[in-house]
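As structure tokens, the structure follows; a few thoughts come after it.
Note that ligands are numbered from 1 as they come in the structure, with each ligand's atoms numbered from 1 the same way. FYI, the numbering just counts along the sequence from 1.
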Amino acid sequence: MNSVNLSKRLEQVADYVKEGARLADIGSDHAYLPCYLAEKKQISYAVAGEVVKGPYENALKEVRRSGHKETVDVRLGNGLQVIESADQIDTVVIAGMGGALIRSILQDGQDQGRITGQETLILQPNVFEETVRQYLMKNAYKIEAETILEENGKIYEVIKAVPSKEPVTYSKQELLFGPFLGKEKTDIFRKKWAQHLKTDTFILKQIEQSKEPDEKKITQLKEEIGLIKEMIA
Ligand code: SAM
């Protein structure tokens with residue numbers, strides 16, 4: 001992968017970025033996404049934020065190599081702390097991290113006034129998508145589009161959310177499976193949840209057989225197993 005040939009996963013993220021966006025790509029290791037978007041002239045400006053020095057340096061190199069220094073500003077820092085109100089960011093991408101980390105980056109950014117809640121969010125959690133959707137619901141973000149895709153044997157979900165003037169409510173099923181993905185039920189979606197069902201069933205058996213079974217966990221797992229069976233039956 002490079003900023004000319006993105007992975008299928010990042011291509012889907014790029015597809016959700018609107019023309020002329022002012023983008024913050026948080027956790028931007030090689031800055032492939034903002035450089036790709038700058039090359040296509042799909043964005044007017046981007047901050048590429050990275051908290052770790054090595055990936056930050058790789059991002060700097062890629063921006064120099066691709067000649068997009070004017071459009072893509074690489075900054076070293078934690079989460080959304082790299083953006084200032086003067087950047088006028090209207091789109092935030094956080095991709096390739098766990099759902100809990102994505103939620104905490106968004107929550108901290110909100111608490112520290114780095115985002116206003118009016119930005120479009122494009123999120124690609126590697127795990128715990130439900131945690132991300134819970135954050136979106138709590139903060140009146142409406143999910144506008146979702147995609148599930150498979151690449152190199154891994155299944156990824158990409159979520160695009162926009163601020164809503166009305167409160168947003170999702171059911172347990174919509175939070176777990178995704179309001180769009182749970183309706184479309186593509187083959188990849190079914191594959192993901194069949195795998196999940198297998199894992200949950202195995203863990204449940206292990207817990208039930210343990211000396212001091214965790215009843216709360218058992219209830220949670222049984223509930224999730226029920227929802228999955230209903231969804232992919
Ligand atoms: N976003 C790219 C993608 O989707 O291909 C890179 C994903 S990589 C697995 C995750 C990157 O996020 C790493 O480079 C890591 O250093 C960075 N990261 C993790 N926590 C971060 C934080 N709190 N703030 C900024 N970057 C972070």
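Atom 21 (C) of ligand 1 has V51 CG1, 3.5 Å as its closest protein atom, hydrogens excluded (heavy atom only). What sits closest to atom 20 (N) of ligand 1 on the protein, heavy atoms only, is L101 CD2, 3.7 Å. Taking atom 5 (O) of ligand 1 as the reference point, the nearest protein heavy-atom neighbour is R9 NH2, 2.8 Å. Protein heavy atom in closest approach to atom 10 (C) of ligand 1: G96 O, 4.0 Å. In terms of protein heavy-atom proximity, atom 2 (C) of ligand 1 is closest to G27 O, 3.3 Å. Looking from atom 23 (N) of ligand 1 to the surrounding protein, the closest heavy atom is N78 OD1, 2.8 Å. Of the protein's heavy atoms, G79 N, 2.8 Å lies nearest to atom 24 (N) of ligand 1. When hydrogens are left out, the protein atom nearest atom 16 (O) of ligand 1 is E50 OE1, 2.9 Å; that is the closest non-hydrogen contact.
Considering backbone and side-chain N/O of A95, one or more are found under 3.5 Å from N/O of ligand 1. Polar contact check, Q124 against ligand 1: no nitrogen or oxygen pair lies under 3.5 Å apart. In terms of polar-atom proximity, defined here as any N/O pair under 3.5 Å, V52 makes no such contact with ligand 1.
Side chains of Q107 and D111: a donor-acceptor N/O pair is present below 3.5 angstrom, by distance only.
Atoms of ligand 1 found under 4.0 Å from any heavy atom of M97, numbered from 1 in the order shown, are 12 (O), 18 (N), 27 (C).
In this structure, K205 does not pair ionically with E208, as no charged nitrogen and carboxylate oxygen lie closer than 4.0 Å. Looking at K191 and E150, a side-chain N of the basic residue comes within less than 4.0 Å of a carboxylate O on the acidic one, giving a salt bridge. A salt bridge links E144 with K160: the closest approach of a Lys/Arg side-chain nitrogen to an acidic carboxylate oxygen falls below 4.0 angstrom. Between R133 and E129, none of the side-chain N atoms (NZ, or NE/NH1/NH2) sits under 4.0 Å from a carboxylate O, so this pair counts as no salt bridge. Look at K183 and E146 and you find no salt bridge, because none of the NZ, NE, NH1 or NH2 atoms lies under 4.0 Å from a carboxylate O.
Contacts between I105 and ligand 1 below 4.0 angstrom, taking non-hydrogen atoms only, involve the side chain exclusively. With a heavy-atom cut-off of 4.0 Å, H30 does not touch ligand 1 at all. Within the 4.0 Å heavy-atom criterion, the part of L10 lying near ligand 1 is the side chain and not the backbone.
For K61, the NZ atom is loosely surrounded, since the number of other residues' heavy atoms within 6.0 Å does not exceed 12.
Sorted by first then second residue, the side-chain hydrogen bond (donor to acceptor under 3.5 Å, both in side chains) pairs that include residues 31-52, not counting sequence neighbours, are E39-H68, K40-Q42, Y45-R75. A side-chain hydrogen bond (donor to acceptor under 3.5 Å, both in side chains) check over residues 224-233, counting only residues at least two apart or in different chains, returns the pairs H196-E224.
Geometrically, R103 does not engage Y135 in a cation-pi contact defined by less than 6.0 Å to the ring centre and at most 45° from the axis.
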